[in-house]
Engineer: 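Quick one: structure below, then a few questions.
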Amino acid sequence: MADVNEAADLDFADIPTTTLADVLGREKVMDIGIRPLWQPVPRIAGPAFTVRCPVGDNLMLHVAIHRAAPGSVIVVESGDLDHALAGGNVCAVARRRGVVGFVADGLIRDLGEVREMAFPVFARGVIPIPGGKKAVEPLNTEVRCGGVAVNAGDIVVADEEGVVAVPAQRAAEVMAAARAKLAKEAGESLDAWEEAHRTRIDKILRDQGFEG
């Protein structure tokens, strides 16, 4: 089994979230509210740097941008839909320091600036009201984002289809399964897929007693 450092060395950037979702199942796929805030967004992938922000407060995200290693995806638990977790300057500093993107169960502001700098943010939306900066919380503890438990070092992959969290301990296994699935699909023509698909669907119908 891979440790956290080995997981971080695996390159998931060319693995679609649809493939990862097929391999991992629903439990590790964030809900549809966590979506890209500008388009077309590139796929991002990297080890999670996790942050918890209490309702109405964004201090620890502002702390995290100075502590997350280059290549990290900052994942934020908030649940607060009344205040912004971050704005343009926070995103600009994160981008300059090598953070590949934010995945936040909350809101941001300054979307025009964020879009112009092409910094990937996957979140629930935007609001112009900033949060406060008082509540100190530990960094890199387990958080919940989009209904998914995410631990520091888990590999987060996000694209226009959604966001998936790959447990660090399963990263090598998931990578191998995803690559095998992609290779199989690449070698299958549409005609072959259609024939196999029709056969499978017809069998399901027969097993259910469907006639027609």
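If you're wondering where the values come from, they're calculated on a predicted model, not measured in any experiment.
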Engineer: Enter the distance from R67:CZ to L139:CG here, rounded to the nearest 0.5 Å.
Structural biologist: 7.0 Å

Engineer: Could you check if a side-chain atom of K28 sits within less than 4.5 angstrom of a side-chain atom of L20, using non-hydrogen atoms only?
Structural biologist: no

Engineer: Within a strict 4.5 Å, meaning less than it, do heavy atoms of the P120 and P36 side chains meet?
Structural biologist: no

Engineer: In the single-linkage hydrophobic clustering (I, L, V, M, F, W, Y; side-chain heavy atoms under 4.5 Å), do V174 and L182 co-cluster?
Structural biologist: yes

Engineer: Walk me through whether D82 and I129 qualify under side-chain contact (heavy atoms from CB on, under 4.5 Å).
Structural biologist: CA-CA 7 Å; D82 293 315; I129 305 168; over 6 Å; no

Engineer: Whether the D159 and T17 side chains hold a donor-acceptor pair (N or O, under 3.5 Å, no angle test) is what I'd like checked.
Structural biologist: yes

Engineer: I'd like to know if V121 and L81 are part of one continuous hydrophobic network [Ile/Leu/Val/Met/Phe/Trp/Tyr, side-chain heavy atoms within less than 4.5 Å].
Structural biologist: no

Engineer: Answer with yes or no whether the hydrophobic clustering places M175 together with V164; edges join I, L, V, M, F, W, Y residues whose side-chain heavy atoms lie under 4.5 Å apart.
Structural biologist: yes

Engineer: With a 3.5 Å distance limit and no angle check, can you tell me whether D80 reaches the backbone of G56 through a side-chain donor-acceptor pair?
Structural biologist: yes

Engineer: In this structure, are over 12 heavy atoms from other groups packed under 6.0 Å from E113 atom CD?
Structural biologist: yes

Engineer: Starting at CZ of R115, measure out to CD of Q39 and round the result to the nearest 0.5 Å.
Structural biologist: 11.0 Å

Engineer: Identify the heavy atoms of A45 and V73 that sit nearest to each other, and give their distance.
Structural biologist: C-CG2, 4.1 Å

Engineer: Got L24 and P167 here, is their nearest side-chain heavy-atom distance under 4.5 Å?
Structural biologist: yes

Engineer: Indicate yes or no: does D22 engage K181 in a salt bridge with an N to O separation below 4.0 Å.
Structural biologist: yes

Engineer: Taking the side chain as everything from C-beta on, heavy atoms only, tell me whether H66 gets closer than 4.5 Å to V93.
Structural biologist: yes

Engineer: Inspect the contact between K133 and D57 and indicate whether a charged nitrogen and a carboxylate oxygen are less than 4.0 angstrom apart.
Structural biologist: no

Engineer: Does E195, at its CD atom, have more than 12 non-hydrogen atoms belonging to other residues, nucleotides or ligands within less than 6.0 Å?
Structural biologist: no

Engineer: Within a radius of less than 6.0 Å around CD1 of I32, do more than 12 heavy atoms belonging to other residues, nucleotides or ligands occur?
Structural biologist: no

Engineer: Are the side chains of I34 and V103 in touch, meaning some heavy atoms are under 4.5 Å apart?
Structural biologist: yes

Engineer: Are D105 and V76 close enough, and set up right, to give a side-chain contact (heavy atoms from CB on, under 4.5 Å), and what steps lead you there?
Structural biologist: CA-CA 6 Å; D105 201 331; V76 190; over 6 Å; no

Engineer: Is there a path of hydrophobic side-chain contacts, each under 4.5 Å between heavy atoms of I/L/V/M/F/W/Y residues, joining I44 to V163?
Structural biologist: yes

Engineer: Taking atom SG of C91 and atom CZ of R109, what is their separation to the nearest 0.5 Å?
Structural biologist: 11.5 Å

Engineer: Give me the atom names and distance for the closest heavy-atom approach of D110 to G87.
Structural biologist: OD2-CA, 3.4 Å

Engineer: Could you tell me whether N89 atom CG has more than 12 heavy atoms of other residues or ligands within 6.0 Å of it?
Structural biologist: no

Engineer: Grab the two heavy atoms, one from A48 and one from V75, that are nearest each other, plus how far apart they are.
Structural biologist: CB-CG2, 3.9 Å

Engineer: Ring pair (Phe, Tyr, Trp, His ring centres under 6.0 Å): which pairs involve residues 96-134, sequence neighbours left out?
Structural biologist: F102-F119

Engineer: For the pair S72 (side chain) and I74 (backbone), establish whether a donor and an acceptor sit closer than 3.5 Å, ignoring hydrogens and angles.
Structural biologist: no

Engineer: Would you name the heavy atoms of L85 and G106 that are closest together and state the gap between them?
Structural biologist: CD1-CA, 4.0 Å

Engineer: Using every non-hydrogen atom in the two residues, find where N58 and A84 come nearest and quote the distance to one decimal.
Structural biologist: ND2-O, 3.2 Å

Engineer: Drop me the distance from T50's OG1 to R144's CZ, to the nearest 0.5 angstrom.
Structural biologist: 13.5 Å

Engineer: Measuring from T199:OG1 to E194:CD, what's the distance to the nearest 0.5 Å?
Structural biologist: 10.0 Å

Engineer: Does the side chain of E137 reach to within under 4.5 Å of the side chain of C53, using non-hydrogen atoms?
Structural biologist: no

Engineer: For a side-chain contact (heavy atoms from CB on, under 4.5 Å) check, start with the C-alpha distance between V148 and V29, then their side-chain angles and the critical distance, and finish with the verdict.
Structural biologist: CA-CA 7 Å; V148 174; V29 179; 5.7 Å; no

Engineer: Less than 4.0 angstrom from a charged side-chain N to a carboxylate O is my criterion; do D202 and R198 meet it?
Structural biologist: yes

Engineer: Kindly determine whether R43 and F12 satisfy side-chain contact (heavy atoms from CB on, under 4.5 Å), including the steps that lead there.
Structural biologist: CA-CA 10 Å; R43 180 178 302 123; F12 277 81; over 6 Å; no

Engineer: Got V143 and V51 here, is their nearest side-chain heavy-atom distance under 4.5 Å?
Structural biologist: no

Engineer: Please test E77 against R52 for salt bridge (charged side-chain N to carboxylate O under 4.0 Å, His left out), starting from the C-alpha separation and ending with a verdict.
Structural biologist: CA-CA 5 Å; E77 175 183 326; R52 183 178 294 112; 3.7 Å; yes

Engineer: Measure from the side-chain N and O atoms of D154 to the backbone N and O of A168, and report whether any donor-acceptor pair falls under 3.5 Å.
Structural biologist: yes

Engineer: In this structure, would I65 and L111 fall into the same cluster of hydrophobic residues linked by side-chain contacts under 4.5 Å?
Structural biologist: yes

Engineer: Look up atom CG in L107 and atom CZ in R124, then write down how far apart they are to the nearest 0.5 Å.
Structural biologist: 9.0 Å

Engineer: Does the side chain of R97 reach to within under 4.5 Å of the side chain of P70, using non-hydrogen atoms?
Structural biologist: no

Engineer: Where is the tightest heavy-atom contact between R26 and D31, given as atom of each residue plus distance?
Structural biologist: NH2-CA, 3.9 Å

Engineer: For E173, is there an ion pair with R170 - N to carboxylate O distance below 4.0 angstrom?
Structural biologist: yes

